[in-house]
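See below for the structure under consideration.
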Amino acid sequence: MWKEKLGNYLIDISKYTLTAIFIASLFKDLEEMKWVVYGLSLFASACLLITGLLLTNKKKEDDK
């Protein structure tokens with residue numbers, strides 16, 4: 001049960017990370033670091049999303 005909740009939490013954090021970076025870039029010009037910030041946030045969000053999906057799918061595999 002805790003793995004499913006942790007998975008859902010990580011999925012939410014991945015969405016919030018992407019949203020925060022893109023909204024912050026609208027308010028402040030990131031200049032030359034723009035693509036570095038986008039790349040790192042995309043990488044971090046993808047890692048969190050994949051980890052969250054793996055944790056939520058473990059519960060379904062246990063039921064079968």
Side-chain angles (χ1 to χ4, degrees):
M1 180 171 153
W2 65 272
K3 288 183 181 181
E4 185 176 346
K5 289 189 183 234
L6 179 62
N8 289 334
Y9 178 75
L10 291 175
I11 291 169
D12 288 340
I13 294 297
S14 72
K15 292 186 286 189
Y16 298 147
T17 303
L18 278 181
T19 304
I21 294 299
F22 288 120
I23 288 176
S25 69
L26 293 175
F27 291 112
K28 182 179 179 190
D29 187 22
L30 299 175
E31 299 167 4
E32 291 127 20
M33 294 189 60
K34 182 179 186 177
W35 295 110
V36 173
V37 171
Y38 286 158
L40 287 175
S41 67
L42 184 64
F43 177 74
S45 293
C47 289
L48 290 171
L49 178 65
I50 291 169
T51 305
L53 290 174
L54 289 174
L55 287 174
T56 56
N57 285 338
K58 290 284 186 186
K59 176 73 172 154
K60 293 177 185 172
E61 289 175 3
D62 291 341
D63 289 341
K64 291 182 180 178

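Values in this document were obtained by computation on a predicted structure and should not be read as measured data.
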[atom2] on [Y] to [atom1] on [X], rounded to 0.5 Å:
X	Y	atom1	atom2	answer
Leu48	Leu18	CG	CG	9.5 Å
Glu4	Asn57	CD	CG	10.0 Å
Leu6	Ile11	CG	CD1	10.0 Å

Quick one: does Thr56's side chain have a donor or acceptor within less than 3.5 Å of a partner on Leu53's backbone?
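Checking the backbone N and O of Leu53 against the side chain of Thr56, a donor-acceptor pair under 3.5 Å is found.
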Between Ser41 (side chain only) and Tyr38 (backbone N and O only), is there a donor and an acceptor less than 3.5 Å apart?
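The answer is yes, because a donor-acceptor pair under 3.5 Å joins these two groups.
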Do the side chains of Leu10 and Leu49 get nearer than 4.5 Å, heavy atoms only?
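The answer is no, as the side chains (C-beta and beyond) never meet within the 4.5 Å cut-off.
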Min side-chain heavy-atom separation Ile21-Val37 under 4.5 Å:
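Yes, at least one pair of side-chain atoms sits under 4.5 Å.
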Between Phe22 and Phe43, is there shared hydrophobic-cluster membership here, with clusters defined by ILVMFWY side-chain heavy atoms closer than 4.5 Å?
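Phe22 and Phe43: separate clusters.
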With a 6.0 Å cut-off (strictly less than), is the heavy-atom count around OH of Tyr16, excluding the residue itself, greater than 12?
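No, because the 6.0 Å sphere around OH of Tyr16 holds 12 heavy atoms or fewer from other groups.
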With sequence neighbours excluded, residues passing salt bridge (Lys or Arg N to Asp or Glu O under 4.0 Å) with Lys5:
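Listed in chain order: nothing, the list is empty.
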